**Q** 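A single structure is presented below for examination.
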2 protein chains.
Amino acid sequence: MATMNDVAKLAGVSVSTVSYALTGVRPVTPETRARIHAAMDELGYQPNAIARSLASRRTHIIALLFPGIELGLSGTALEFVTSAAETAREEGYHLMLWPIGDDEVGETRNLIHQQLADGVLVMEVRLDDPRVDLLRESQTPFTLIGRTADAAGLDYADIDFDTTVRDALDHLIGLGHERIAFVSHSKASLDAGYGPTVRAGEAFERHMTERGLPVVARHCDESADAGRAVVSELWHAHPDITALITMNDAATFGAMAQLADDGRQVPRDVSVLSIASSPRVAALSHPRLTTMAAPGTELGRSGVRSLIERIEGSQSATLHELVPCRLDIQATTSPRTKE
Amino acid sequence: MATMNDVAKLAGVSVSTVSYALTGVRPVTPETRARIHAAMDELGYQPNAIARSLASRRTHIIALLFPGIELGLSGTALEFVTSAAETAREEGYHLMLWPIGDDEVGETRNLIHQQLADGVLVMEVRLDDPRVDLLRESQTPFTLIGRTADAAGLDYADIDFDTTVRDALDHLIGLGHERIAFVSHSKASLDAGYGPTVRAGEAFERHMTERGLPVVARHCDESADAGRAVVSELWHAHPDITALITMNDAATFGAMAQLADDGRQVPRDVSVLSIASSPRVAALSHPRLTTMAAPGTELGRSGVRSLIERIEGSQSATLHELVPCRLDIQATTSPRTKE
DNA sequence: TGGTGATGTCGAAACGCTTCGACGATGCGT
DNA sequence: ACGCATCGTCGAAGCGTTTCGACATCACCA
């Protein structure tokens, strides 16, 4: 494979001039540049990424830290990862996957010290996340997908659960619903400090309370059966519920099935609105689910962009981006039917 | 950050000795080794991955080539990618994502020439795939996930569609079904030479013919509506169908809905078996789908393992691994009811 | 007891690039 | 016409490793 030396010889210039022609760090006359490019074409030259990295102290690699165990995001995760990878590529960077096992902090530290990545994208951030302290200490540029409890001064891109829940309620209340229940992720995820569970729960409580409506919320394991059980229990305790907000795909489908079994028609008797989900999943439901789709693509894009700006030192302010899920009205929500 | 030089000084040896202590390429006395390790601990030393790569001509990076447009695999893609990343990590490698846009060959060539990766994993391989020729010419070690029409001499790991379809038929025929229809991916995917569509279709035709059963197969776009339409058309043309094999998640759910609307109960009147799908998706169906789950995890693991062996030159034979989908019997298949 | 072959360590040369200081050759203002 | 800044190029010194040849040292066998 041709090296810069070969190009320099063929073009009759020094290596440094070739480098300048390539990077534009210093001016080069058009004629010299032309000769150099001709030589590069003739040799099929491509700069060696590793050598360049070593010399410039920039690898143009972004690491994506994701935990082995996958909680809520997983439905949108692929979308997010794809978008992050594509954005990175557009900006001249590469995305490297760093699956992290049990020893989160230790493994993360090792990886950082290898200096393979210019910056790190952290997925599945919990309210209190030790990886954040580690990254901060190690001076590595990083951006969170999600955010810790106190994220002041940190770059992050996260779902705007508050707005999402508010929009969800606006939609349902606009349709005349008042008895609205919320079916969330598992209690375990709440205890683990999983952001979406915590924040969506808080938002639901606040917005319902502000509107003077009763707060009915349940945690639910990620399975259809759990979804069924919750529905049974819910209607037993609150027979007057007319709408359901869910944030748990498996449970949503279980809930739909149980409602059908109980003779409750969706959306005639009960409206169902699934938040932080995806169109792909919504399309599998019959009737097709009204959802609020998680903005995986947007988060991937702005997370990467911001991280790159931070790496290149061109960043003005810290990124605090909150993107709400977008409402996609399909067939499972409709006006409340008066009895 | 500490370098090898710092370690060498602190331990009172030369850099090369430190290197030998680290890599074991040449012997080092236990005492020297101990002093070196002590120095490394004291300094919190970790070898710089880039420098190591440049000197050793091994980056320990594996590239995953995946096309922007995503066809069939996508449901299992996340599982596959996760598994590949984890396996790579276990073996001391990193997985780097290479999303490829329109200019497949050009972009792939550029990436290879940068010499960032020791080897390449190619996803979404078509029967006639120009990337394969490119990789072969460029001497880069690579492994296919999927395979071309003539894959002799190439390393690949793919779904064993023949066995999968046979097992699917064994299951259904064992239940007494004889009029079995196959609903596949879109005609477009067939024309594009998408392996799963082609191979599963051929397998279905062959196995049905061998058993003296009529071949009824349809292509179907990836949407619930298309699934509905195909079901309507199918029963119009072949009212005696008692079982459906599907390979198209969105269409499967549409088909289930249409069957319900037409008053055909699953599985009493019609058995439905969804192949190359995933338990995650199956769980969303009510009744829960009998599926044959795509072996994403296995393919990721053995693809990466084989690639690494090839990179390190320790590979004996070429990898020709075919993994069938595993049957997971749930609630949508049952014995044929005699009329 | 002298030659032989391991064994353990060192110094220096890569690996392919970026970047810094230096230095003619220009162009400019006065 | 003279100095001075700017432009374009060069050579050399890194970047932090690995790896190669060389060279003592030591044990061992003839």
Side-chain angles (χ1 to χ4, degrees), chain A residues 1-37 39-40 43-61 92 110 112-118 311-313, chain B residues 1-37 39-40 43-61 92 94 110 112-118 311-312:
Chain A
M1 205 134 293
T3 76
M4 209 152 132
N5 219 321
D6 302 330
V7 175
K9 267 184 204 142
L10 187 56
V13 295
S14 76
V15 249
S16 48
T17 304
V18 176
S19 176
Y20 293 135
L22 216 49
T23 62
V25 171
R26 286 192 188 179
V28 166
T29 50
E31 302 88 70
T32 323
R33 180 192 314 287
R35 253 186 308 137
I36 291 175
H37 278 116
M40 296 202 301
L43 297 171
Y45 172 76
Q46 281 270 115
N48 179 303
I50 295 292
R52 192 196 275 260
S53 297
L54 182 59
S56 67
R57 287 91 186 301
R58 274 278 146 75
T59 62
H60 287 263
I61 292 174
N110 280 349
I112 292 174
H113 278 129
Q114 291 185 206
Q115 301 178 78
L116 238 196
D118 288 338
I311 290 170
E312 300 185 344
Chain B
M1 204 132 294
T3 74
M4 211 152 133
N5 218 320
D6 302 330
V7 175
K9 268 184 203 142
L10 187 57
V13 296
S14 76
V15 250
S16 48
T17 305
V18 176
S19 177
Y20 294 136
L22 216 49
T23 61
V25 171
R26 286 192 187 178
V28 167
T29 51
E31 302 88 68
T32 325
R33 180 193 313 285
R35 254 187 306 137
I36 290 174
H37 278 115
M40 296 202 301
L43 297 171
Y45 172 77
Q46 281 268 117
N48 179 303
I50 296 291
R52 193 194 273 259
S53 298
L54 182 59
S56 66
R57 286 94 186 302
R58 275 277 146 80
T59 63
H60 288 264
I61 291 174
H94 293 283
N110 281 349
I112 293 173
H113 278 125
Q114 290 185 207
Q115 302 179 78
L116 239 194
D118 287 339
I311 289 170
E312 300 184 344

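Letters A, B, ... mirror the listed sequences (proteins, then strands); counts begin at 1. Owing to the predicted nature of the structure, the values given are computational and were not obtained by experimental measurement.
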**Q** Just how far, in rounded Å, is P of D:dG11 from NZ of A:K9?
**A**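 Answer to the nearest Å: 12 Å.
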**Q** Look for any protein N or O under 3.5 Å of an N or O in nucleotides 13-16 of chain D and output each such pair with its distance, or none.
**A**
unit_1: D:dC15; atom_1: O3'; unit_2: A:R57; atom_2: NH2; d: 3.2
unit_1: D:dC15; atom_1: O2; unit_2: A:A55; atom_2: N; d: 3.4

**Q** Please list each protein N or O that sits under 3.5 Å from an N or O in nucleotides 4-6 of chain C, with the distance.
**A**
none

**Q** Heavy atom of residues 17-27 of chain B under 4.0 Å from DNA chain C: which residues?
**A** B:T17, B:Y20, B:R26, B:P27
**Q** Can you check whether any acceptor in the base of D:dG11 is under 3.5 Å from a donor in the side chain of A:S16, or vice versa?
**A**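 Between D:dG11 and A:S16, which were checked side chain against base, a qualifying N/O pair under 3.5 Å is present.
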**Q** Please round to the nearest 0.5 Å and tell me the distance separating atom CD1 of B:I61 and atom CD1 of A:I61.
**A**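 Rounded to the nearest 0.5 Å, the CD1-CD1 separation comes out at 4.5 Å.
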**Q** Measuring from A:T59:OG1 to A:I311:CD1, what's the distance to the nearest 0.5 Å?
**A** 7.5 Å
**Q** Just call it for A:T29: base, sugar-phosphate, or nothing, with non-hydrogen atoms closer than 4.0 Å on any strand.
**A**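 Sugar-phosphate, backbone atoms only, no base.
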**Q** Could you work out, with ring pair (Phe, Tyr, Trp, His ring centres under 6.0 Å) as the rule, every residue matching A:H113, not counting sequence neighbours?
**A** none
**Q** Taking all non-hydrogen atoms of both residues, which atom of A:M4 and which atom of A:V15 are closest, and how far apart?
**A** CE-O, 3.1 Å
**Q** Quick one: B:R33 CZ to C:dG8 P, roughly how many Å, whole number?
**A** 9 Å
**Q** Quick one: side chain to side chain donor-acceptor pair (under 3.5 Å) partners of A:S16, sequence neighbours excluded?
**A** A:S14
**Q** Would you tabulate the side-chain donor-acceptor contacts of residues 45-55 of chain A under 3.5 Å, counting partners in other chains and residues two or more places apart, or write 'none'?
**A**
unit_1: A:Q46; atom_1: NE2; unit_2: B:N110; atom_2: O; d: 3.2
unit_1: A:N48; atom_1: OD1; unit_2: A:I50; atom_2: N; d: 2.8
unit_1: A:N48; atom_1: OD1; unit_2: A:A51; atom_2: N; d: 2.9
unit_1: A:S53; atom_1: OG; unit_2: A:A49; atom_2: O; d: 2.8
unit_1: A:S53; atom_1: OG; unit_2: A:R58; atom_2: O; d: 3.3

**Q** Using whole Å, report how far NE2 of A:H60 lies from P of C:dC17.
**A** 14 Å
**Q** If you compare all heavy atoms of B:G92 against all heavy atoms of B:H60, which two are closest, and at what distance to 0.1 Å?
**A** O-ND1, 3.5 Å
**Q** If you round to the nearest 0.5 Å, how far is CE of B:M1 from CG of B:D6?
**A**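 Going from CG on B:D6 over to CE on B:M1, the span is 11.5 Å.
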**Q** Considering non-hydrogen atoms only, spot the tightest contact between A:V28 and A:R33 and give its length.
**A**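 Smallest interatomic distance, heavy atoms only, reads O-NH2, 3.3 Å.
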**Q** Going from OG1 on B:T32 to CD1 on B:I36, what distance comes out if it is rounded to the nearest 0.5 angstrom?
**A** 6.5 Å
**Q** If I take atom CG from residue A:L22 and atom CE from residue A:M40, how far apart are they, to the nearest 0.5 angstrom?
**A** 5.0 Å
**Q** Checking all strands, does A:T32 fall into the base, sugar-phosphate, or nothing category for heavy-atom contacts under 4.0 angstrom?
**A** sugar-phosphate
